[in-house]
Amino acid sequence: MDPQTLRPVDPEEPGGALATGPHLPRAYWNNPKETEEAFVQLGDKIWYRTGDVLRMDGQGWLLFRDGPRS
């Protein structure tokens with residue numbers, strides 16, 4: 001996804017990775033600022049921004065281009 005617009009990017013274009021699932025947290029406890037930066041609601045799901053930058057090649061493989069910085 002495009003980190004600014006939260007829209008999907010075209011194949012071969014780099015984009016930010018999102019993750020969701022029933023066992024992932026939905027917020028950081030007592031930390032609303034970090035929660036706002038790390039989690040986003042799209043439709044009826046809450047997604048976690050991993051901070052990783054990926055692109056999808058022509059065969060559907062996800063290739064990591066960059067990761068989160070500490």
Per-pair distances, 0.1 Å, donor-acceptor, side chain in residues 13-26, under 3.5 Å, sequence neighbours excluded:
{"unit_1": "Thr20", "atom_1": "OG1", "unit_2": "Ile46", "atom_2": "O", "d": "2.8"}
{"unit_1": "Arg26", "atom_1": "NH1", "unit_2": "Gly21", "atom_2": "O", "d": "3.2"}
{"unit_1": "Arg26", "atom_1": "NH1", "unit_2": "Leu24", "atom_2": "O", "d": "3.4"}
{"unit_1": "Arg26", "atom_1": "NH2", "unit_2": "Gly21", "atom_2": "O", "d": "2.8"}

Qualifying residues under side chain to side chain contact (heavy atoms under 4.5 Å, CB included), relative to Ala27, sequence neighbours excluded: Thr35
Side chain to side chain contact (heavy atoms under 4.5 Å, CB included) against Gln4, all qualifying residues, sequence neighbours excluded: Asp2
Members sharing Trp29's hydrophobic cluster (side chains within less than 4.5 Å): none
Nonpolar side-chain network containing Leu54, other nodes, edges under 4.5 Å: Met56, Leu62, Phe64
Inter- and intrachain pairs under ring pair (Phe, Tyr, Trp, His ring centres under 6.0 Å), touching residues 31-62, at least two apart: Tyr28-Phe39, Phe39-Tyr48
Residues in side chain to side chain donor-acceptor pair (under 3.5 Å) contact with Gln59, at least two apart in sequence or another chain: none
Sequence neighbours excluded - salt bridge (charged side-chain N to carboxylate O under 4.0 Å, His left out) pairs with any residue from residues 38-51: none
Selection residues 31-41 - residue pairs positive for salt bridge (charged side-chain N to carboxylate O under 4.0 Å, His left out), sequence neighbours left out: Lys33-Glu37
Salt bridge (Lys or Arg N to Asp or Glu O under 4.0 Å) partners of Arg55, counting only residues at least two apart: Glu12
Side-chain touch Asp52/Asp66, heavy atoms, less than 4.5 angstrom: no
Pairwise distance CG(Asp57) to CG(Leu63) - rounded to 0.5 angstrom: 5.0 Å
